[in-house]
Amino acid sequence: MTVNLVYFSIMTFSFRQILTIFRRAAFSKYNTLSGSELVPPVSLLVPAFNEEITVIENVKCLLTLNYPAYEVIVINDGSKDNTLGVLRDEFELMPLPDPDIRQTIDCQPITAVYHNPKYPHLYVIDKPNGGKADSLNAGINLSHYPLISSIDADSLLEKDALIRMARMYMENPEETVAIGGDVRIANGCVIENGAVKEVSLPRKIWPMFQATEYLKAFLGGRIGWSSINGLIIVSGAFGLFRKDYVIAVGGYRGGYPGEDMNIIIKLHRYMLENKLKYRIAFCPEAVCWTQAPDTYRILSNQRKRWGRGNLKNMIENYDMAFNPKYKVMGLLTMPYNIIFEALNPYFKITGLLALIGYTLLDMTHWRVLAVFWLINFLSGYVLSIGALLLEELSFKRFNKLSDLCKLLMFSAFKFFGYAQLGGLWRIQGHIQFLRNNNSWGTMTRQSWQDKGEAAAKAAKPAKSA
């Protein structure tokens, strides 16, 4: 019950921001900004490990963004497949004889930097495998611009996503140190030429559950946390940062999953300890589309990895919790993440065992258990409905009534098994952490072209015989 009360409080902050978000999304003149010299240039960093299937579509998408000045830096992190080869073949890249690399942050030595004057804004780094954080640090060392943006190689940005982020940054460039974008599930969408042409929901059960999760986490949660400057994570799939502050905190921390949360915690700590005014914001109208795991094995590995990263970050930064020196981060965000994220599965298990024990010992009635469960179900379901309402009030990306009904249905279904699996995966991730298991796990990709063709085929009505 307590966790749901906290969720309701955060969602209240999200609804308070909804009018501002709606006006910004509807009336801001992004098209005029896309040709303005006042827009700050950005370095897009794309870590790539075994991404030969999706990386070409990703890079082509990034090279056609509506943005006046930017560069794309792909970091091949010791891929065992042909990621580097397909990039070199597609863009006719050649090694630079004397690349301008500044060793501002420690990282694995860069083997080579590839470039082609025909694509002046594209660079490809080749380096030994060191993990995603190490790849981002290598990209920072090569980058030429004051803003950096981290983007996953299996993701697609909407054409105006970056300019929308820049619009928010330009509102307060002195205080804005990071901005997170909205990440959405691309499974089921019609994709053509590296862009989402038709938004639709996944047809497989695992991505569908994740679609409801992402709506609740990003719209119902991150809008609210950012409104009180308590955002603890900018998704590694898409975020914008001031490079000088990322360098000031020592760059990304490698060696374990959870680098996206770690960099944000370090930025909060640095700004607060140095008594600098700052904000870490969330821009829900800047959208990145990503492939979600569509099998049990891959999804469970991903969630175990998230559990390890969260626990590691909470242990390393426990001194911030309940410490007034760290303001919202110390008094709200860190305690919330320790109690309701890291420890929540254990509270659920012990609570459930206690209720079962009371029932078996005839210390309570089964009707009490039923009422308790119903209250928890309804409160959680209302939160999911609230996130969907935020979506419909502001963005209206789901045009089909069937999609809205499907979201409502799966938002209810997830309480019957999927939510419990989430707690189990988190505990398994904690066990892996205690065993010093820092493996990333495998994520099987599918070509964006294959996904687009499959989705388009499924969307067409069947012909009668």
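Counting begins at 1 with the first residue of the sequence. No experiment lies behind these values; they were computed from the predicted model shown.
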S.K.: Not counting sequence neighbours, which residues clear side-chain hydrogen bond (donor to acceptor under 3.5 Å, both in side chains) with K348? List them please.
M.R.: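 Partners of K348 by the side-chain hydrogen bond (donor to acceptor under 3.5 Å, both in side chains) criterion come out as none, since no residue qualifies.
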
S.K.: List for me each residue that meets ring pair (Phe, Tyr, Trp, His ring centres under 6.0 Å) alongside Y214, sequence neighbours excluded, and say none if there are none.
M.R.: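 Only F218 meet the ring pair (Phe, Tyr, Trp, His ring centres under 6.0 Å) criterion with Y214.
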
S.K.: For W225, enumerate each residue passing the side-chain contact (heavy atoms from CB on, under 4.5 Å) test, keeping only those at least two apart in sequence or located in another chain.
M.R.: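 Result, side-chain contact (heavy atoms from CB on, under 4.5 Å) vs W225: I10, I228, L231, L332, T333, Y336.
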
S.K.: Test: salt bridge (Lys or Arg N to Asp or Glu O under 4.0 Å). Region: residues 419-432. Which pairs qualify, not counting sequence neighbours?
M.R.: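 Matches after skipping sequence neighbours: E341-R426.
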
S.K.: Checking R16 now: which residues fulfil side-chain hydrogen bond (donor to acceptor under 3.5 Å, both in side chains) with it, not counting sequence neighbours?
M.R.: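 Expected list: none.
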
S.K.: Using the side-chain contact (heavy atoms from CB on, under 4.5 Å) criterion, which residues pair with M320? Sequence neighbours excluded.
M.R.: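 Expected list: I265, R269, N317, Y326, M329, M334.
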
S.K.: Identify, with sequence neighbours excluded, every residue that meets side-chain hydrogen bond (donor to acceptor under 3.5 Å, both in side chains) alongside S9.
M.R.: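 S9 satisfies side-chain hydrogen bond (donor to acceptor under 3.5 Å, both in side chains) with no other residue.
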
S.K.: Among pairs that include at least one residue of residues 370-392, which meet salt bridge (Lys or Arg N to Asp or Glu O under 4.0 Å), considering only residues two or more places apart or in two chains?
M.R.: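 Listed by first then second residue: R184-E391.
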
S.K.: Going by atom type alone, with no hydrogens or angles, which donor-acceptor pairs under 3.5 Å involve a side-chain atom of residues 402-413 and a protein atom two or more places apart or on another chain?
M.R.:
from	atom 1	to	atom 2	distance (Å)
K406	NZ	P202	O	2.6
S411	OG	L407	O	2.7

S.K.: Sequence neighbours left out, what passes side-chain contact (heavy atoms from CB on, under 4.5 Å) with E213? Give chain and number order.
M.R.: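 side-chain contact (heavy atoms from CB on, under 4.5 Å) check on E213 returns Q210, R303, Y418.
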
S.K.: Tell me whether Y346 at atom OH has more than 12 heavy atoms from other residues, nucleotides or ligands lying less than 6.0 Å away.
M.R.: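 Enclosed: over 12 neighbouring heavy atoms sit under 6.0 Å from OH of Y346.
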
S.K.: Applying side-chain contact (heavy atoms from CB on, under 4.5 Å), can you list everything that pairs with K277, at least two apart in sequence or on another chain?
M.R.: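 K277 satisfies side-chain contact (heavy atoms from CB on, under 4.5 Å) with E175 once adjacent residues are dropped.
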
S.K.: Looking at residues at least two apart in the chain, or sitting in another chain, which of them share a salt bridge (Lys or Arg N to Asp or Glu O under 4.0 Å) with K266?
M.R.: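 None.
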
